[in-house]
Amino acid sequence: VQLFHVMANSGWAWFLCAAPAVLIAKTRRVPVLVNYRGGDAAEFFKRSFSWVGPIMRMTDRRLVPSGYLQQVFQAFGLSTTIVPNIIDLERFTPRPSSPGSAGESPHLVVTRNLEPLYDIATALRAFAIVREKWPAARLTIAGGGPDRDMLVALAHELALASHVAFPGRLEPDLIARLYLEADVLLNTSLHDNMPNSILEALAAGVPVVSTDVCGIPFLVEHQKTALLVSPRDPVAMARAVLDLLDDPRLAEQLVRAGKDLAQQYTWSHVRPRLLDVYGALTRPPVSKATAGGT
């Protein structure tokens with residue numbers, strides 16, 4: 001083995017998966033880089049940096065996918081290199097029309113795990129407000145997780161059951177097909193880094209309404225590539241959705257800019273940045289004799 005590339009996250013995933021791999025690499029004297037993806041890194045570091053920091057400092061390079069995580073690491077005295085997420089654009093065919101052509105039944109979608117971190121309940125409450133103006137609107141929540149029963153119950157409580165679909169976790173091809181039928185993507189996460197669901201929607205030509213937490217403002221810009229609102233605010237989220245549905249020109253502007261942004265995350269753009277890091281860690285050191293030409 002010439003290099004350990006360790007994918008890492010916050011919480012127990014760090015302690016049980018990433019940290020042991022770093023220690024094994026150091027024991028074997030193999031270069032090791034940590035590719036850190038935890039959206040709640042700031043809180044995790046505050047709680048556990050006395051344990052995390054020493055192992056982080058053992059690594060030869062630390063990769064992060066966003067400027068947000070780079071700032072978090074800098075605050076704890078750790079340097080990083082940004083290598084962003086990768087999106088396979090060949091899977092996503094841009095939808096043929098904008099939200100302004102959705103007719104009387106606009107289709108909103110959520111493509112996140114059904115977990116407290118992603119606060120899908122706010123998406124349901126925002127959708128209830130949207131339906132006051134668009135009574136035939138529908139919502140698809142594609143994902144699985146422990147909050148499913150609670151969310152199904154909330155849909156009934158809000159009188160939305162006949163307008164909300166819970167198809168469960170979808171395979172990538174089915175997710176791509178879902179975006180073709182979507183008019184707006186909702187992202188209600190409370191902590192996040194660089195969610196692939198947003199990048200996928202942009203690549204598919206679906207405008208995005210998202211919370212403005214953690215790394216998301218580093219990924220998309222408000223009113224340029226997405227509409228951003230505060231977390232746990234269904235009224236603001238519903239208002240942003242209505243702005244898109246009522247203003248086709250705004251929606252089309254976001255779609256065009258979003259497609260351009262998605263191009264930055266293709267393999268052809270990311271590959272050289274990743275291979276530069278690999279090369280720097282695996283390249284044999286230049287001896288003084290070689291450097292001096294002897």
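Note that the structure is predicted; figures quoted are calculated from it, not measured. Excluded from the calculations below are hydrogen atoms, water molecules and symmetry mates; all remaining heavy atoms, backbone and side chain alike, are included.
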Point to revise | Heavy-atom closest pair, residues Asp183 and Ser105 | key: OD2-O, 4.4 Å
Point to revise | Heavy-atom closest contact (Leu154 atom, Ala121 atom, distance) | key: CD2-CB, 3.6 Å
**Study point:** Close side-chain approach of Leu139 and Leu160, heavy atoms under 4.5 Å
**Key:** no
Point to revise | Interatomic spacing from SG in Cys17 to CH2 in Trp14 - rounded to 0.5 Å | key: 11.0 Å
Check your understanding: Looking only at heavy atoms, what is the nearest atom pair of Ala240 and Leu227, with distance?
Key -> O-CD1, 3.5 Å
Point to revise | Chi angles and distances behind the side-chain contact (heavy atoms from CB on, under 4.5 Å) call for Val72, Val64 | key: CA-CA 10 Å; Val72 171; Val64 293; over 6 Å; no
Review point. Under 3.5 Å, is there a donor-acceptor pair between the side chain of Arg62 and the main chain of Ser79?
Key: yes
Review point. Salt bridge between Glu252 and Arg249, side-chain N to carboxylate O under 4.0 Å?
Key: no
**Study point:** Any Val130 side-chain heavy atom under 4.5 Å of Leu242 side chain
**Key:** yes
**Study point:** Whether Ser48 side chain and Trp51 backbone form a donor-acceptor pair below 3.5 Å
**Key:** no
Exercise for review: Check whether any side-chain heavy atom of Met194 sits under 4.5 Å from a side-chain heavy atom of Leu199, and report yes or no.
Suggested key: yes
Check your understanding: Any side-chain heavy-atom pair from Lys133 and Asp246 closer than 4.5 angstrom?
Key -> yes
Point to revise | Min side-chain heavy-atom separation Pro106-Val184 under 4.5 Å | key: no
Exercise for review: Give a yes or no on whether Tyr36 and Trp12 share a hydrophobic cluster (residues Ile, Leu, Val, Met, Phe, Trp, Tyr; joining criterion: side-chain heavy atoms under 4.5 Å apart).
Suggested key: yes
Check your understanding: Of Leu281, Ile24, Thr282, Val1, which meets side chain to side chain contact (heavy atoms under 4.5 Å, CB included) against Val30?
Key -> Val1
Check your understanding: Among all residues two or more places apart in sequence or in another chain, which pass the salt bridge (charged side-chain N to carboxylate O under 4.0 Å, His left out) test with Lys224?
Key -> none
Revision key, fill the gap. Heavy atoms of Leu219 and Ile198 approach each other most closely as CD2-CG2, 4.0 Å
Check your understanding: Any donor and acceptor pair, going by atom type alone, linking the side chain of Gln253 with main-chain N or O of Gln223 inside 3.5 Å?
Key -> yes
Practice item. Indicate yes or no: at least one non-hydrogen side-chain atom of His107 is less than 4.5 angstrom from one of Leu178. Key: yes
Practice item. State plainly whether one hydrophobic cluster holds both Leu158 and Ile129, where clusters connect Ile, Leu, Val, Met, Phe, Trp and Tyr through side-chain heavy atoms under 4.5 angstrom apart. Key: no
Point to revise | Hphob cluster co-occupancy, Val235 + Met237, side-chain heavy atoms under 4.5 angstrom | key: no
Check your understanding: If you take all heavy atoms of Ser197 and Tyr179, which pair is closest and at what distance?
Key -> O-OH, 3.4 Å
Review point. To the nearest 0.5 Å, how far apart are CD1 in Ile141 and CZ in Arg148?
Key: 9.5 Å
Check your understanding: Transitively linked via ILVMFWY side-chain contacts under 4.5 Å: Leu190 with Ile216?
Key -> no
**Study point:** Path from Val6 to Leu23 over hydrophobic side-chain contacts below 4.5 Å
**Key:** yes
Review point. In terms of the angle between their ring planes, are Phe76 and Phe49 parallel, tilted or perpendicular, with boundaries placed at 30° and 60°?
Key: tilted
Exercise for review: To the nearest 0.5 angstrom, please state how far the NE2 atom of His222 sits from the OG atom of Ser210.
Suggested key: 11.5 Å
Check your understanding: Below 4.0 angstrom, N of the basic side chain to O of the carboxylate: do Asp60 and Lys26 qualify?
Key -> yes
**Study point:** Gap separating the CG atom of Leu202 from the OH atom of Tyr265, nearest 0.5 angstrom
**Key:** 9.0 Å
Check your understanding: Does the side chain of Arg177 come within less than 4.5 Å of Leu174's, by heavy atoms?
Key -> yes
Practice item. Kindly give the heavy-atom pair with the smallest separation between Ala137 and His163, and that separation in Å. Key: O-ND1, 3.4 Å
Review point. Is there a side-chain contact between Glu43 and Ser10, using heavy atoms and a 4.5 Å cut-off?
Key: no
Exercise for review: Give the ring-plane orientation class for Tyr278 versus His5, where under 30° counts as parallel, over 60° as perpendicular and anything between as tilted.
Suggested key: perpendicular
What donor-acceptor contacts under 3.5 angstrom involve side-chain atoms of residues 112-120, with partners at least two apart or in another chain?
| unit_1 | atom_1 | unit_2 | atom_2 | d |
| --- | --- | --- | --- | --- |
| Arg112 | NH1 | Asn187 | OD1 | 2.6 |
| Arg112 | NH1 | Asp192 | OD2 | 2.8 |
| Arg112 | NH2 | Asp192 | OD1 | 3.4 |
| Arg112 | NH2 | Asp192 | OD2 | 3.3 |
| Asn113 | OD1 | Arg169 | NH1 | 3.0 |
| Asp119 | OD1 | Thr122 | OG1 | 3.4 |
| Asp119 | OD2 | Thr122 | OG1 | 2.6 |

